[in-house]
Amino acid sequence: MATLIKDIKLPDNVPSNILFEKHIEFLKEYGQDENNYEYGMMDYLRVSGMYWCLTALEFMNASPSHTIEEVAQYIKQCQDPESGGISACIGHDPHILHTTSAVQILCTYNKLDVIDTEGVVKYIKSLQLPDGSFMGDKWGEVDTRFSFCAVVTLSLLKRMDAIDVHKAVDFVASCKNFDGGFGSRPLSESHAGLMFCCVGFLSITNRLDIVDRDTLAWWLCERQLPSGGLNGRPEKLPDVCYSWWVLSSLTMLGRLHWIDGNALKTYILACQDTETGGFADRPGDVADPYHTVFGLAGLSLLGHKALQKVNPTYCMPQHVIDRLQLKPQILLN
Amino acid sequence: MSLNKSWHGRLKVRTTEEQKAQKHKEQQKKLGAYRLGMKQILSTRKPDEYDPTSLSISSQLLSVNPDIYTLWNYRKEVILLRIKQSQKDEIDGEEDLVQFLENELRLTEQCLLANPKSYGSWHHRSWVLMKHPKPNWDNEFMHVWDYRRLIINKIGITLTDELQFSMERLNANFSNYSSWHYRSTLRKLDAKSVGTELTLVQNAVFTDPADSSAWFYLRWVLSNPTVTAEQKQEFLDALDDLEQLEPECKWVIMAKCWLTGSLVLSDKDYIDRRVEYYKKLLKLDPTRKGQYLDYLKAAEEKTKITS
């Protein structure tokens, strides 16, 4: 009984470089037409979508189709005056995911003053439970993704003092698994996306000492498949977004060199749509802004010179993190 | 930051201009209906009463897309209203509420069958069960691990039964990472259980040495301080046999590194052997050469110190 490795075969003609013009056009078109089907139907994730598009454009040194002022005003209208949280779009409910995306966008544009930042701090604080974990919103779903969002947002606002950091760390530590990885809640299975959240959380709280470094880095580098792409868990197919989740985690752990960077680069470049622009999860699939930003961020971590340098903890341009004088922990090799 | 599911694995299909125009027309119709539905729901959302038509529209929209999180919130608000109402009616109140909540569970079931990874549906389902006066935990979702844990806590299945269940799952298919993970969470390993676990892993890796799942579990078992030197030696001998059969299998060599390395045994003889193992891994698995070079360097430095 032999195991077949789940993987894909790369197409014959992989683009040799980033198709900048196509991607910029692709991202700019997103959201320009109110009646674009996908844009309209996906209003429940709009503010995060704006973060993906705008950050991807930043990485490519391109300007968005809307002015910074328009973007900031839209976000302002998504803030719930009562709870202080920010929703995916006007009229929907506040949620920590969109609150974080909104703060990331506004920090990049240096426009935090348009929203009630104390309201945001109050909102994040209200979501912490006695065991240190964070809910996504007042309805109680708990996930380590939300712990990460909480510390990203508060550190960007320089208000980490608003929460019980000690307990928050204890909760994330309690989600560590037999394989050195982390899950969404205690005892839940490890997943590369959550690895980024938990390692990123520990990087911001300066507690990477909690990580079982070599075991986790081994698990992470075993995500690379013969195609060069990375999967999110053993026995799964490769996907461009894991170039970011896995690669950023390895970077924070000082083990980026444990994977084959050239092979991964080829895989990411193969996921570009040469007609429409944008990146897809796998070659030949439909491109979208989500895989586009993480594909570009991955290429930036791999040292692509024409892209802005990305910060591995925040997935934001490094110059923004420098301007804010933030120094998330990164282990040296 | 979000882990978005809607955009994964959609194969691009070529279409004619005519097909495109037709599709565009259909999409605009769908978008119009979605917007109208959302408007109806959000405009009738009130703290002290609810509109049954809006509630039914929200079921339809969620069945198509369970990621519209605001609609799950809306339904929770309605449930809270129904709970309040049910408390006023001593005769039929509970029965009415049960009917209502059962309907809610059916909706999440429908959403999960179409989209098993929908966070919103899972959370709504557990939330509803927590509010349910007579929850039926014995249902078909036991195969979903996180959910299984929740149910087990509620109905009190014994550890022995769960270990047996996990053993059966693994024997049916060793190549299932989730099953190994689940087993690792059932209890802390001790001197008594490590032996059983080593036998289990040994069966798995001999059945299919190329399957990675059991090897991850092995590394964890070996890191347990109660594993004896004798057990390690036995495993190492078994791996020598396996290497004869599968000389190209990187996992066998890797496990020998753990056994002879810092995890377990370390004397001069083993350090020398480890240098050879890492050199072999460099050939067998060049993708991860950065890792092996780091370890090779460390092993070579140790050789210098000991010689």
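Below, chain A is the first sequence line, B the second, and so on; all start at residue 1.
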Trainee: Cut-off 3.5 Å, side chains only: do D179(A) and W180(B) have a donor facing an acceptor?
Mentor: no
Trainee: In terms of heavy-atom pairs under 4.5 Å, which option from L42(B), N73(B), T185(B) contacts chain A the most?
Mentor: N73(B)
Trainee: Less than 4.5 Å apart, any side-chain heavy atom of R35(B) and any of N35(A)?
Mentor: yes
Trainee: Do D67(B) and L45(A) have side chains that get closer than 4.5 Å, going by heavy atoms?
Mentor: no
Trainee: Could you look at N177(A) and say if it's the side chain, the backbone, both or neither that has a heavy atom under 4.5 Å from chain B?
Mentor: side chain
Trainee: Less than 4.5 Å to any heavy atom of chain B: does that hold for the side chain of N36(A), its backbone, both, or neither?
Mentor: backbone
Trainee: Does the side chain of D211(B) reach to within under 4.5 Å of the side chain of E235(A), using non-hydrogen atoms?
Mentor: yes
Trainee: Do M38(B) and H92(A) have side chains that get closer than 4.5 Å, going by heavy atoms?
Mentor: yes
Trainee: Just so I know, are the side chains of Y34(B) and D43(A) near enough to count as touching, which here means a heavy-atom distance under 4.5 Å?
Mentor: yes
Trainee: Between the side chains of K76(B) and E141(A), is the shortest nitrogen-to-carboxylate-oxygen separation below 4.0 Å, so that they form an ion pair?
Mentor: no
Trainee: Is a side-chain donor or acceptor of R288(B) paired with a backbone partner of Q224(A) at a separation under 3.5 angstrom?
Mentor: yes
Trainee: Check each atom of C315(A) against the heavy atoms of chain B and say whether the ones under 4.5 Å are side chain, backbone, both or neither.
Mentor: neither
Trainee: R46(A): what forms a salt bridge (Lys or Arg N to Asp or Glu O under 4.0 Å) with it, not counting sequence neighbours?
Mentor: none
Trainee: Counting heavy-atom pairs closer than 4.5 Å to chain B, which one of D137(A), D143(A), D214(A) comes out on top?
Mentor: D214(A)
Trainee: Out of G91(A), G183(A), G140(A), P226(A), which one racks up the most heavy-atom pairs below 4.5 Å with chain B?
Mentor: G140(A)
Trainee: Can you tell me which portion of K23(B) sits under 4.5 Å from chain A's heavy atoms? Options are side chain, backbone, both or neither.
Mentor: neither
Trainee: I'd like to know if the side chain of Y69(B) and the backbone of H95(A) have a donor-acceptor N/O pair within less than 3.5 Å.
Mentor: no
Trainee: What is the ring orientation for W139(A) with W127(B), classed by angle as parallel under 30°, tilted 30 to 60°, or perpendicular over 60°?
Mentor: perpendicular
Trainee: Between T215(A) and W220(B), is there a side-chain heavy-atom distance shorter than 4.5 Å?
Mentor: no
Trainee: Chain A heavy atoms under 4.5 Å from L189(B): which part of the residue, side chain, backbone, both or neither?
Mentor: neither
Trainee: Select, from G40(A), S87(A), G136(A), S188(A), the one with the greatest count of heavy-atom pairs under 4.5 Å involving chain B.
Mentor: S188(A)
Trainee: Considering only heavy atoms from C-beta outward, does the side chain of W218(A) approach that of M254(B) to under 4.5 Å?
Mentor: yes
Trainee: Go through the atoms of Y182(B) and report whether side chain, backbone, both or neither lie under 4.5 Å from a heavy atom of chain A.
Mentor: neither
Trainee: How about T70(B) and Y44(A): do any of their side-chain heavy atoms sit closer than 4.5 Å?
Mentor: no
Trainee: Check each atom of E26(B) against the heavy atoms of chain A and say whether the ones under 4.5 Å are side chain, backbone, both or neither.
Mentor: neither
Trainee: Which atoms of L187(A) are under 4.5 Å from chain B, going by heavy atoms: the side chain, the backbone, both sets, or neither?
Mentor: both
Trainee: Given a strict heavy-atom distance threshold of 4.5 Å, which part of A217(A) is in contact with chain B: side chain, backbone, both, or neither?
Mentor: neither
